[in-house]
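Both ligands and their constituent atoms are indexed starting at 1 by order of listing. Treat the numbers as computed from the prediction; the structure is a model and nothing was measured. Just the heavy atoms: all of them, side chains too, but no hydrogens, waters or symmetry mates, feed the values below. Residue indices begin at 1 and follow the sequence shown.
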Amino acid sequence: MATLERRELGNTGFKLSCVGFGASPLGKVFGDVSHEDALAAVRLALQSGINFFDTSPFYGGTLSETVLGNCLSELQVPREEFIVSTKCGRYKDGFDFSAQRVTRSIDESLARLKLDYVDILHCHDIEFGSLDQIVNETIPALQKIKESGKARFIGITGLPLGIFTYVLDRVPPGSVDVVLSYCHYGINDSTLVDLLPYLKSKGVGVITASPLAMGLLTDVGPPEWHPAPSELKALRFIPKPGSPPLLVMHTSRSADRFIQHPYYKLNPSFIGTSLSLEEYDLVSESFVSACKAAAAHCKEKGKNISKIALQYSLMNKEIATVLVGMNSSKQVEENLAAAVELSSLGIDEDLLHEVEAVLQPVKNLTWPSGIQQK
Ligand code: NAD
């Protein structure tokens with residue numbers, strides 16, 4: 001079997017396997033996982049060249065860290081052969097980005113992981129805290145943890161892309177080494193691409209997570225807790241016979257959708273003065289059903305939505321690693337095979353275009369996450 005490609009992570013000196021092991025499923029957040037299945041998945045991942053594992057005290061209320069720690073220690077893997085990231089600030093009972101809490105958090109995580117240090121410590125989902133607190137209190141506390149040797153590098157994670165520029169523009173250079181973005185570099189949403197030159201200019205390594213849109217781009221579908229509201233919809237304007245085509249809608253990224261959700265308002269100013277609403281039919285596309293339709297389309301053709309979705313995310317080499325959540329050796333095998341096939345044969349272009357066409361109406365549609373920042 002061909003070896004899994006490794007890519008550099010910013011200025012950390014780490015060379016991460018392009019497929020990273022997302023360990024949230026080990027916390028049973030996507031369904032039950034036996035210890036044997038977890039151990040087999042971690043063992044196969046390590047044997048096959050996956051060297052990066054990501055967890056958090058939040059996943060499964062600390063269970064993911066405990067299970068990952070047990071697996072790594074049972075397998076007796078030399079410490080220098082794997083790279084582990086965990087997080088702080090987000091817990092089962094809520095968010096706390098105070099210096100005191102994150103300083104205690106790393107000790108708790110290390111105990112569960114049975115490690116002396118983690119390679120990366122992320123502030124978890126910072127849009128749920130005050131970004132000014134992250135800049136002025138949390139990141140300085142994490143610097144002290146870095147100096148103590150309990151974490152080698154520091155990262156920040158979250159959904160809205162604007163949080164990364166907000167923080168990176170305000171912290172001293174070199175105090176944030178890595179960003180972990182999720183659900184923004186996949187077939188249905190690739191908006192992270194616009195931020196990559198900025199992140200490179202800051203010397204920050206880039207990790208992307210959730211290539212399967214947290215279960216939406218799988219045959220099984222998303223878990224109940226999936227944060228995309230089922231009413232998240234894109235509205236399309238279909239010209240009635242004889243009406244002018246909606247060129248504006250398709251040439252501007254911001255104008256090609258109107259989001260019908262309490263957090264957003266239909267903004268008629270996008271439409272332009274020369275267009276009249278009576279000339280168009282409004283068709284609403286649900287984000288969740290478009291993803292289901294994409295999965296069904298692949299199935300009909302005897303193909304697999306998860307495979308092409310992961311391959312799409314892997315294609316951008318500016319991104320060091322794609323974290324995919326895995327809970328069985330079967331999934332590890334499939335995801336490795338997808339990566340190896342991509343590097344030898346390339347992506348199935350025809351299928352990709354078909355899936356992109358199904359997802360086009362909801363392309364780059366995301367959901368609100370976090371608190372109103374002051
Ligand atoms: P994902 O998009 O990777 O999807 C995971 C789901 O897909 C799970 O149900 C898994 O069992 C399933 N799956 C995996 N491989 C499959 C295959 N070959 N065929 C069918 N189904 C398959 O979403 P995720 O797990 O949420 O994200 C990956 C990882 O990234 C997480 O485990 C976590 O470590 C990290 N992450 C971090 C953040 C954050 O920091 N805020 C957010 C999201 C994810």
Side-chain angles (χ1 to χ4, degrees), residues 19-33 37-38 41-42 44-45 50 52-60 63-65 67-68 83-90 95 120-129 155-161 163-164 178-189 192 207-228 291 295 298-299 303-314 319 321-339 341 366-367 369-370:
V19 175
F21 192 109
S24 69
L26 301 188
K28 304 192 181 182
V29 301
F30 289 95
D32 199 24
V33 189
D37 283 349
V42 173
L44 181 64
I50 291 182
F52 179 46
F53 296 80
D54 176 70
T55 182
S56 162
F58 173 62
Y59 302 148
L63 185 64
S64 165
E65 284 189 332
V67 173
L68 181 63
I83 294 163
V84 169
S85 61
T86 193
K87 312 193 181 81
C88 60
R90 180 167 200 178
F95 293 86
I120 306 166
L121 179 62
H122 295 284
C123 290
H124 196 172
D125 291 342
I126 58 173
E127 70 271 26
F128 287 93
I156 47 177
T157 86
L159 184 72
L161 293 169
I163 58 175
F164 298 125
V178 179
V179 303
L180 189 168
S181 159
Y182 72 100
C183 289
H184 285 311
Y185 201 84
I187 303 188
N188 61 298
D189 181 338
L192 177 64
I207 298 170
T208 184
S210 311
L212 314 183
M214 300 200 289
L216 271 169
L217 300 177
T218 64
D219 285 337
V220 177
E224 228 168 65
W225 53 258
H226 197 291
C291 292
C298 292
K299 207 168 185 181
K303 311 261 173 147
N304 186 317
I305 185 75
S306 303
K307 175 176 159 184
I308 194 139
L310 175 59
Q311 288 180 329
Y312 178 93
S313 301
L314 285 168
I319 293 170
T321 189
V322 178
L323 276 170
V324 53
M326 296 185 263
N327 57 20
S328 66
S329 34
K330 181 173 177 279
Q331 287 181 353
V332 175
E333 242 166 52
E334 285 175 3
N335 296 334
L336 285 163
E341 186 187 298
T366 189
W367 55 91
S369 176

Point to revise | Donor-acceptor under 3.5 Å (E341 side chain, A337 main chain) | key: no
Revision key, fill the gap. Note: P211 and L310 closest approach over all heavy atoms is CG-CD1, 3.9 Å
**Study point:** Nearest heavy-atom neighbours spanning G186 and Y312
**Key:** O-CE2, 3.3 Å
Practice item. Indicate whether any N or O donor in one side chain lies under 3.5 Å from an N or O acceptor in the other, for E334 and S306. Key: no
Point to revise | Ligand-side contact atoms (ligand 1) for residue partner T218, heavy atom cut-off under 4.0 Å | key: 7 (O), 21 (N)
Review point. Does D125 reach ligand 1 with a nitrogen or oxygen that is under 3.5 Å from one of the ligand's nitrogen or oxygen atoms?
Key: yes
Point to revise | S328 contact mode with ligand 1 (heavy-atom cut-off under 4.0 Å) | key: neither
Review point. Without hydrogens or angle criteria, can the side chains of H122 and T157 be said to hold a donor-acceptor pair below 3.5 Å?
Key: no
Exercise for review: Looking only at distances, please establish whether an N/O atom of ligand 1 is found under 3.5 Å from an N/O atom of G325.
Suggested key: yes
Check your understanding: What's the shortest distance from atom 20 (C) of ligand 1 to any protein heavy atom, and which residue and atom give it?
Key -> S306 OG, 3.5 Å
Review point. In terms of atom number and element, which parts of ligand 1 are under 4.0 angstrom from non-hydrogen atoms of P25?
Key: 32 (O)
**Study point:** Nearest protein heavy atom with distance in Å, relative to atom 35 (C) of ligand 1
**Key:** D54 OD2, 3.4 Å
Check your understanding: Counting only heavy atoms, which portion of N335 has something under 4.0 Å from ligand 1: side chain, backbone, both, or neither?
Key -> side chain
Point to revise | Minimum heavy-atom distance between L159 and C183, given as atom pair plus value | key: CD1-CB, 4.1 Å
Review point. Please state which protein non-hydrogen atom is closest to atom 31 (C) of ligand 1 and give its distance, to 0.1 Å?
Key: S24 OG, 3.4 Å
Review point. For ligand 1, which part of L323 has a heavy atom less than 4.0 Å away: the side chain, the backbone, both, or neither?
Key: both
Practice item. For ligand 1, note which part of H122 has a heavy atom under 4.0 Å away: side chain, backbone, both or neither. Key: neither
**Study point:** K87 side-chain N/O to T55 backbone N/O, donor-acceptor pair under 3.5 Å
**Key:** yes
Revision key, fill the gap. Counting from 1 in the order shown, the ligand 1 atoms closer than 4.0 Å to a non-hydrogen atom of M214 are 1 (P), 2 (O), 4 (O), 23 (O), 26 (O)
Point to revise | Non-hydrogen atoms of E127 and S369 that approach each other most closely | key: OE2-OG, 2.6 Å
Revision key, fill the gap. For K87, the atoms of ligand 1 under 4.0 Å from one of its heavy atoms are 40 (O)
Practice item. Give yes if a backbone or side-chain nitrogen or oxygen of E334 is under 3.5 Å from a nitrogen or oxygen of ligand 1, and no if not. Key: yes
Study note, to complete from the structure: For G215, the atoms of ligand 1 under 4.0 Å from one of its heavy atoms are 4 (O)
Check your understanding: Are D37 and S328 close enough that a side-chain donor and a side-chain acceptor fall under 3.5 Å?
Key -> no
Review point. Hey, is the main chain of A23 close enough, under 3.5 Å, to the side chain of S64 for a donor-acceptor pair?
Key: yes
Review point. Which part of V324 is near ligand 1, with near meaning a heavy atom under 4.0 Å away: side chain, backbone, both or neither?
Key: both
Point to revise | Student check: side-chain heavy atoms of V322 and Y185 closer than 4.5 Å | key: no
Point to revise | Given L323, V19, V84, the one that forms side-chain contact (heavy atoms from CB on, under 4.5 Å) with F52 | key: L323
**Study point:** Subset of ligand 1 atoms that lie under 4.0 Å from at least one heavy atom of A23
**Key:** 32 (O), 34 (O)
Review point. Which option, Y59, F30, F53, Y182, owns the non-hydrogen atom nearest atom 36 (N) of ligand 1?
Key: Y59
**Study point:** Atom indices of ligand 1 within 4.0 angstrom of H124 heavy atoms, with elements
**Key:** 39 (C), 40 (O), 41 (N)
Practice item. For atom 29 (C) of ligand 1, find the nearest protein heavy atom and state the residue, atom name and distance (0.1 Å precision). Key: G22 CA, 3.7 Å
Exercise for review: Could you tell me whether some N/O pair between S210 and ligand 1 is separated by less than 3.5 angstrom?
Suggested key: yes
Review point. Would you say the side chain of D125 lies within less than 4.5 Å of the side chain of F58, judging by non-hydrogen atoms?
Key: no
Review point. Judging by distance only, is a nitrogen or oxygen of L212 under 3.5 angstrom from one on ligand 1?
Key: yes
Review point. Which residue holds the protein heavy atom closest to atom 22 (C) of ligand 1, what is that atom called, and what is the gap in Å?
Key: Q331 NE2, 3.5 Å
Point to revise | Least distance between heavy atoms, A338 atom then Q311 atom | key: O-NE2, 2.9 Å
Review point. N/O of A209 under 3.5 Å from N/O of ligand 1, yes or no?
Key: no
